[in-house]
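Inspection log for the structure reproduced underneath, given as structure tokens.
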There are 2 protein chains.
Amino acid sequence: MPDSQKEPAPVEFAKAIADNTRQKIMKFCCCNWRSVTDIVAHMRVTQPTVSHHLAILRDAGLVDVRHEGKQTFYRLDRKRIVNCCGVLEHTFAPDE
Amino acid sequence: MPDSQKEPAPVEFAKAIADNTRQKIMKFCCCNWRSVTDIVAHMRVTQPTVSHHLAILRDAGLVDVRHEGKQTFYRLDRKRIVNCCGVLEHTFAPDE
DNA sequence: ATTATATATAGACGATCATCTATTTGTCAA
DNA sequence: TTGACAAATAGATGATCGTCTATATATAAT
């Protein structure tokens, strides 16, 4: 299985989502494909900062990416989120 | 409701668990009360470092604390963990 | 080809963080 | 009360992180 399909370990997952800016991006991309430009317009940080955070989410396997012409679209991988939360629960609350 | 009973916001929860040392402590305290001394013996960091991480978990409301004589015992609050994971899922994967 | 637009990358800077040693605080036993 | 043990706190240091400006890369339009 390639790295790109491996779920992040609990620590990697936690680090990836442990930032306000990233969580805001995650919510914005939760249920729709969003271009980087749209994400930037929705945030109060610069475009390079958004790209930086998108790279972290991408490296953690938490977003899907699609290229279309000049634009790049991102969407949160909700199944991956659910899976990671499940791993967290199983790791730290095995009996419930 | 006092702060000590409020669940941490998704960002606070993620930050609290976004560290290898803390996750190791969390696993060790998952299903049993553990004294600080026992936790230190189980880890490869110094006692003050363990105390530091315990304070972070305590501030995030993720552990229960009990004093007994000279010793202090910690235990992971598994229900809180489950609840936080649920909030995460609901926040970032509302439809699944 | 040149220009404009979209996104990524490089490098710098200040803030936060994890860890350490040294010390303090609190509790029990002699 | 003195000494021993348990845990927390203070302060320092190096590493990581989030953000910025400047620049590079890629694609489309003129």
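Every chain is numbered from 1, with letters handed out A, B, ... down the list of sequences.
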Nearest whole angstrom, please: distance from the C1' of dT19(C) to the CZ of Arg44(B).
16 Å

Is there a donor on the side chain of Gln47(A) or the base of dA6(C) sitting less than 3.5 Å from an acceptor on the other?
no

Any side-chain N or O of Thr49(A) less than 4.0 Å from the OP1 or OP2 oxygen of dG18(D)?
no

With a 4.0 Å limit, can you tell me whether Thr21(A) has a side-chain N or O closer than that to the phosphate oxygens OP1/OP2 of dT19(D)?
yes

Roughly how many Å is it from CZ in Arg34(B) to C1' in dA7(D), rounded to a whole number?
18 Å

Is any side-chain nitrogen or oxygen of Arg22(A) closer than 4.0 Å to OP1 or OP2 of dC17(D)?
no

Beyond-backbone contact of Met26(B) with Ile81(B), side-chain heavy atoms, under 4.5 angstrom
yes

In whole angstrom, give the distance that lies between atom CG of Asp38(A) and atom P of dT7(C).
8 Å

Nucleotide of dT7(C), dA8(D), dA10(C) approaching Pro48(A) most closely (side-chain heavy atoms):
dA10(C)

Nearest to side-chain heavy atoms of Thr37(A), which nucleotide of dA18(C), dT19(D), dT7(C):
dT7(C)

Rounded to whole Å, please give me the gap between CD in Gln71(A) and P in dA8(C).
11 Å

Taking the nucleotide of DNA chain D with the nearest heavy atom to each, does Glu68(A) or Val45(A) sit closer to the 5' end?
Val45(A)

Short side-chain N/O contact to dC20(D) OP1/OP2 from Thr46(A), under 4.0 Å:
yes

Listed nucleotide nearest any side-chain atom of Leu54(B), set dT7(C), dA8(D), dT21(C):
dA8(D)

Measure CZ/Phe73(A) against P/dA8(C) and give the value in whole Å, please.
12 Å

Tell me which of Lys15(A) and Ser51(B) sits closer to the 5' end of DNA chain D, going by the nucleotide each one is nearest to.
Ser51(B)

What's the CG-P distance between Leu57(A) and dC17(D), to the nearest Å?
14 Å

Could you tell me the separation between the NE2 atom of His67(B) and the C1' atom of dT27(C), rounded to a whole number of Å?
12 Å

N/O donor-acceptor pair under 3.5 Å between Arg75(B) side chain and Arg34(B) backbone:
no

Do any side-chain nitrogens or oxygens of Tyr74(B) fall under 4.0 Å of OP1 or OP2 in dA6(D)?
no

Rounded to whole Å, please give me the gap between CE in Met43(B) and C1' in dA7(D).
16 Å

5'-most contact on DNA chain C (nearest-nucleotide basis), Val65(A) vs Lys70(A), goes to Lys70(A)

Ring of Tyr74(A), cation from Arg66(A) - is the NZ or CZ under 6.0 Å from the centre and inside 45° of the axis?
no

Can you list the steps and then say if Ile56(B) with Leu62(B) is a side chain to side chain contact (heavy atoms under 4.5 Å, CB included)?
CA-CA 9 Å; Ile56(B) 290 172; Leu62(B) 300 182; over 6 Å; no

Taking only the side-chain nitrogens and oxygens of His53(A), find out if one of them lies under 4.0 Å from OP1 or OP2 of dT19(D).
yes

Quick check: do Phe13(A) and Val87(A) have side-chain heavy atoms less than 4.5 Å from each other?
no

Would you find a donor on one side and an acceptor on the other, under 3.5 Å apart, between the side chain of Gln23(B) and the backbone of Ile17(B)?
yes

